[in-house]
Protein chains: 2
Amino acid sequence: MDLDLRKIRYFMAVARELNFGRAARDLHIAQPVLSRQIRALEAELGVQLFMRDRRRTELTAAGEALYTEAAPLLAGAEALRRRVGRAGRGADSFTVAFMPGLTVTGAVRALTAAHPRMTVDVLRTSWADQVEVLRDGRADVSCVRLPIDQRGLKVRALFDEPRVAVLPTAHRLACKSELHLSDLAGETLLQPYDAVPEWQAMTGDTAPSGLSGPSGPPAALAVEEKLEHVAAERGVVVLPQSTAGFYHRPDVTAIAIIDIGPSRVALAWDATRRTRLISEFADLAATHLRAP
Amino acid sequence: MDLDLRKIRYFMAVARELNFGRAARDLHIAQPVLSRQIRALEAELGVQLFMRDRRRTELTAAGEALYTEAAPLLAGAEALRRRVGRAGRGADSFTVAFMPGLTVTGAVRALTAAHPRMTVDVLRTSWADQVEVLRDGRADVSCVRLPIDQRGLKVRALFDEPRVAVLPTAHRLACKSELHLSDLAGETLLQPYDAVPEWQAMTGDTAPSGLSGPSGPPAALAVEEKLEHVAAERGVVVLPQSTAGFYHRPDVTAIAIIDIGPSRVALAWDATRRTRLISEFADLAATHLRAP
DNA sequence: CCGCTGTGATACCTTCAAGGCATCACAGGT
DNA sequence: ACCTGTGATGCCTTGAAGGTATCACAGCGG
């Protein structure tokens with residue numbers, strides 16, 4: 001009758017690993033159990049999900065469909081449990097997530113003033129988190145930097161801000177008041193190429209999403225770590241102005257790049273949620289959040 | 001670990017009925033089973049969902065939260081199963097839903113031409129269905145008449161069209177070429193007031209959503225039924241021009257109302273879905289679907 | 001006051017699905 | 001020929017979900 005979220009979660013593990021044994025270990029169950037559960041799921045859906053070939057396991061078309069569509073369902077279930085738990089703890093609360101460098105205080109203050117009996121929480125996110133917190137219910141709205149995967153979300157643009165290059169203070173360019181992107185030719189970019197599309201156009205570099213430099217550190221670094229690498233003269237990073245301005249250390253310098261697309265900051269929320277408080281906060285954010 | 005959709009469905013039944021016995025009968029299970037399942041759900045969520053009072057059953061705040069948030073989750077599960085089933089049947093297909101009176105042929109033709117190997121289905125909806133089909137996966141896009149509940153959906157406006165009054169052909173106004181809303185003062189409106197907001201402003205009538213007239217027939221009539229009532233001179237209805245034009249019968253006449261807000265037609269789709277085909281169809285719809 | 005009715009909860013049993021362990025069947029490599 | 005890694009089968013145990021019978025209690029009518 002109802003489909004079983006446990007089985008769906010099992011399926012997701014197998015689809016990720018494409019290997020029943022490893023997936024079973026990840027799930028902390030025995031492999032035969034997993035085999036049977038997947039067969040049961042296939043029977044229940046009336047559809048074959050995997051092509052098992054004694055030697056390798058592959059997704060069928062139906063399996064692909066399930067793999068892409070099931071993630072939001074599981075996230076939705078998690079979000080539901082979080083929100084109900086919060087409602088049960090009696091707290092009429094509202095959580096605003098934000099990326100480091102963005103300041104949501106003004107809008108949060110205004111919301112608190114409008115609803116004195118409500119608890120307004122804030123939650124710091126990272127690049128990886130900024131949308132996730134909406135899908136799993138940890139936050140009601142999230143102040144994000146575009147681009148994001150907008151599926152399942154409503155997004156409202158707040159403001160644009162210039163992007164800056166962060167250089168070692170000792171760098172030959174560090175004394176300039178502004179830069180063109182071409183000034184950076186030959187520098188090593190310490191971040192995934194797709195974070196700065198113009199870089200790719202300039203250098204022709206198309207490595208998927210690793211860091212440049214042959215032995216570069218792994219991707220998805222925290223901003224603090226990136227700055228550490230810059231200070232060590234291992235390369236440069238390009239950041240939104242407010243992000244770079246948020247961390248100040250004497251050994252690195254941020255300089256505006258004038259011929260590069262701006263970074264856009266937006267407010268995002270779950271498209272299925274109630275609208276009252278969220279749209280109220282969106283209005284407040286639009287008036288209180290501006291480029292620095 | 002994972003929450004159990006069966007229990008959620010049981011909860012929804014109890015929350016609807018606010019009575020364990022009746023809910024159990026609706027679910028075709030015994031009442032003690034339902035009591036235990038709800039208690040188990042409460043234990044699992046760590047939250048009380050109902051205030052049981054020997055005499056009546058009421059939702060707690062957490063229960064309210066669950067009641068409003070669980071519906072999209074259950075619909076999403078249903079949609080998932082539908083889509084996977086369809087993918088399993090091998091058909092790479094795309095389903096376009098539409099309200100009666102709207103003609104989607106042009107856009108469907110264009111999509112078929114662009115993807116000759118894909119099956120493009122169409123699905124007729126009603127006012128009650130037009131959004132439901134998206135939430136439960138019966139359609140990929142739906143050509144709707146606004147306003148709709150936009151939660152969980154993306155919406156793109158297509159065109160506006162005038163609204164007409166449908167009168168008995170024998171009516172004193174049936175020979176006019178156009179009407180003002182005030183011409184209809186004193187007529188009986190055979191549809192929910194909120195379908196025509198201006199009517200409410202004109203007459204001061206504020207009955208919630210029943211039909212006017214003391215012994216009016218029940219709400220949510222099909223268009224054909226409304227026309228039948230009009231022909232029987234029991235009152236008038238206000239419809240979008242294309243809806244009225246779609247059904248022609250000699251005993252009723254449609255006349256444009258010139259001082260009333262237009263009816264807006266839009267394309268809507270599930271906000272969580274993949275975007276490729278949908279946005280392609282949205283572009284086709286924007287160019288091919290126009291006011292008649 | 002007593003008994004009737006409708007409410008949800010409890011007790012006890014049965015069935016079946018989910019879990020574990022041991023083992024099999026088979027494809028590739030050494 | 002043997003070993004290794006793969007997923008599938010067989011058999012057992014446990015626990016959850018289902019059922020029936022019954023209880024405890026609030027309200028109502030006589």
Side-chain angles (χ1 to χ4, degrees), chain A residues 1-60 62-64 66-67 70 74 77 81 88, chain B residues 1-60 62-64 66-67 70 74 77 81 88:
Chain A
M1 179 78 207
D2 308 282
L3 60 102
D4 184 347
L5 292 190
R6 184 200 290 113
K7 291 201 184 75
I8 301 290
R9 187 163 52 86
Y10 288 180
F11 164 82
M12 294 297 275
V14 179
R16 247 193 312 276
E17 297 285 348
L18 292 178
N19 178 313
F20 282 72
R22 274 202 303 279
R25 225 173 309 123
D26 294 351
L27 294 168
H28 304 110
I29 61 172
Q31 169 265 317
V33 176
L34 187 54
S35 285
R36 265 177 308 168
Q37 293 290 70
I38 297 297
R39 293 208 95 88
L41 180 60
E42 290 178 325
E44 189 182 321
L45 294 175
V47 152
Q48 184 146 5
L49 296 170
F50 294 101
M51 294 293 303
R52 295 116 159 135
D53 182 73
R54 233 12 129 187
R55 208 59 201 159
R56 72 170 137 271
T57 303
E58 285 180 357
L59 282 167
T60 62
E64 290 280 2
L66 184 58
Y67 189 53
L74 291 177
R81 132 174 290 148
Chain B
M1 178 79 207
D2 308 284
L3 61 101
D4 184 348
L5 292 189
R6 185 199 289 111
K7 291 200 185 75
I8 300 289
R9 189 165 51 86
Y10 287 0
F11 164 83
M12 294 297 276
V14 178
R16 246 192 314 274
E17 295 285 349
L18 292 178
N19 178 314
F20 281 72
R22 273 201 304 278
R25 226 173 309 125
D26 293 352
L27 295 168
H28 304 109
I29 61 173
Q31 169 265 317
V33 176
L34 186 54
S35 285
R36 262 179 312 167
Q37 293 290 68
I38 297 297
R39 293 208 94 89
L41 180 61
E42 289 178 324
E44 191 182 319
L45 294 175
V47 151
Q48 183 146 7
L49 296 170
F50 293 101
M51 295 291 304
R52 295 114 156 136
D53 181 73
R54 231 12 126 191
R55 206 61 204 153
R56 75 169 135 270
T57 303
E58 285 182 357
L59 282 167
T60 63
E64 290 279 2
L66 184 59
Y67 188 54
L74 291 177
R81 132 174 290 150

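All figures in this text were calculated on a predicted structure; none of them were measured in a lab. Each chain gets a letter, A, B and so on, in the order its sequence line appears, and its residues count up from 1.
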A.B. asks: Output the rounded distance in Å from CZ (B:Phe50) to P (C:dA9).
C.D. replies: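 After rounding, the reported distance stands at 10 Å.
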A.B. asks: Figure out the CZ/C1' separation between A:Arg22 and D:dT6, and round it to whole Å.
C.D. replies: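 Interatomic distance, CZ of A:Arg22 to C1' of D:dT6: 11 Å.
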A.B. asks: Let me know the distance between CD1 of B:Ile38 and P of C:dA9, rounded to the nearest Å.
C.D. replies: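 Taking atom P of C:dA9 as the reference, CD1 of B:Ile38 is at 10 Å.
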A.B. asks: Can you tell me the distance, in whole Å, between the CD atom of A:Glu42 and the C1' atom of D:dA8?
C.D. replies: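 From A:Glu42 CD to D:dA8 C1': 13 Å.
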A.B. asks: Can you figure out which of C:dG8, C:dG20, C:dA22 approaches the side chain of B:Phe20 most closely?
C.D. replies: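 Of the options given, the side chain of B:Phe20 lies nearest C:dG8.
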A.B. asks: Distance criterion of 3.5 Å, no angle test: do you see the side chain of A:Arg36 paired donor-to-acceptor with the base of C:dG20?
C.D. replies: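 Yes, the side chain and the base share a sub-3.5 Å donor-acceptor pair.
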A.B. asks: How long is the straight-line distance from OG1 of B:Thr57 back to CD of B:Glu17, given to the nearest 0.5 Å?
C.D. replies: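 That separation rounds to 11.0 Å.
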A.B. asks: One pair to check against side chain to side chain donor-acceptor pair (under 3.5 Å): B:Glu64 and B:Thr60. What are the steps and the verdict?
C.D. replies: CA-CA 6 Å; B:Glu64 290 279 2; B:Thr60 63; over 6 Å; no
A.B. asks: B:Gln37 side chain N/O closer than 4.0 Å to the phosphate oxygens (OP1, OP2) of D:dG18?
C.D. replies: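 Indeed, a polar side-chain atom of B:Gln37 lies that close.
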A.B. asks: For the pair made of CG in B:Asn19 and P in C:dT5, what is the distance, rounded to whole Å?
C.D. replies: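 From B:Asn19 CG to C:dT5 P: 18 Å.
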A.B. asks: Where along residues 1-13 of chain B does a heavy atom fall under 4.0 Å from DNA chain D?
C.D. replies: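 Residues of residues 1-13 of chain B that come under 4.0 Å of DNA chain D are, in numerical order, B:Asp4, B:Arg6, B:Lys7, B:Tyr10.
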A.B. asks: Select base, sugar-phosphate, or nothing to describe what B:Ala30 touches, counting heavy atoms under 4.0 Å on all strands.
C.D. replies: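 Answer is base: heavy atoms of B:Ala30 come under 4.0 Å of a base.
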A.B. asks: Looking for any heavy atom pair under 4.0 Å, which part of the strands does A:Leu34 touch: base, sugar-phosphate only, or nothing?
C.D. replies: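 Nothing, no heavy atom under 4.0 Å.
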A.B. asks: Going through the distances and angles, do B:Glu42 and B:Arg52 end up as a salt bridge (Lys or Arg N to Asp or Glu O under 4.0 Å)?
C.D. replies: CA-CA 13 Å; B:Glu42 289 178 324; B:Arg52 295 114 156 136; 2.9 Å; yes
A.B. asks: Mind telling me whether B:Phe11 and B:Phe50 have parallel, tilted or perpendicular rings, with 30° and 60° as the class edges?
C.D. replies: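 Judged by the thresholds at 30° and 60°, the geometry between B:Phe50 and B:Phe11 is tilted.
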A.B. asks: Whether the side chain of B:Gln31 engages the backbone of B:Gly21 through a donor-acceptor N/O pair (distance < 3.5 Å, no angle test) should be reported.
C.D. replies: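 Judged by distance alone, no pair lies under 3.5 Å.
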A.B. asks: With a cut-off of less than 4.0 Å, is there a side-chain N or O of A:Ser35 near OP1 or OP2 of D:dA8?
C.D. replies: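 So the side-chain polar atoms of A:Ser35 do come within 4.0 Å of the phosphate oxygens OP1 or OP2 of D:dA8, strictly under.
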A.B. asks: Tell me whether the side-chain N/O atoms of A:Arg52 come closer than 4.0 Å to OP1 or OP2 in D:dA8.
C.D. replies: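 Answer yes for this pair, as a side-chain N or O of A:Arg52 is under 4.0 Å from OP1 or OP2.
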A.B. asks: What integer distance in Å separates B:Leu41:CG from D:dA16:C1'?
C.D. replies: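 Distance, rounded to whole Å: 14 Å.
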A.B. asks: With rounding to the nearest 0.5 angstrom, report the CG to CG distance, B:Leu66 to B:Leu41.
C.D. replies: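 It is 6.5 Å, given to the nearest 0.5 Å.
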A.B. asks: Nearest to the A:Thr57 side chain among D:dA8, D:dG7, C:dG19, which nucleotide is it?
C.D. replies: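 From the listed options, D:dG7 comes nearest.
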A.B. asks: In whole angstrom, what separates B:Glu58's CD from C:dG8's C1'?
C.D. replies: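 Value for this atom pair: 15 Å.
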A.B. asks: Taking N and O atoms by type only, does the side chain of A:Gln31 place a donor or acceptor under 3.5 Å from a partner on the base of D:dA8?
C.D. replies: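 Pair found.
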A.B. asks: May I have the distance from A:Ile29 (atom CD1) to C:dA17 (atom C1'), rounded to whole angstrom?
C.D. replies: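 So the CD1-C1' distance, A:Ile29 to C:dA17, works out to 13 Å.
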A.B. asks: Can you see which heavy atom on B:Ala77 is nearest to which on B:Leu5, and at what distance?
C.D. replies: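 Here B:Ala77 and B:Leu5 meet closest at CB-CD1, 3.6 Å.
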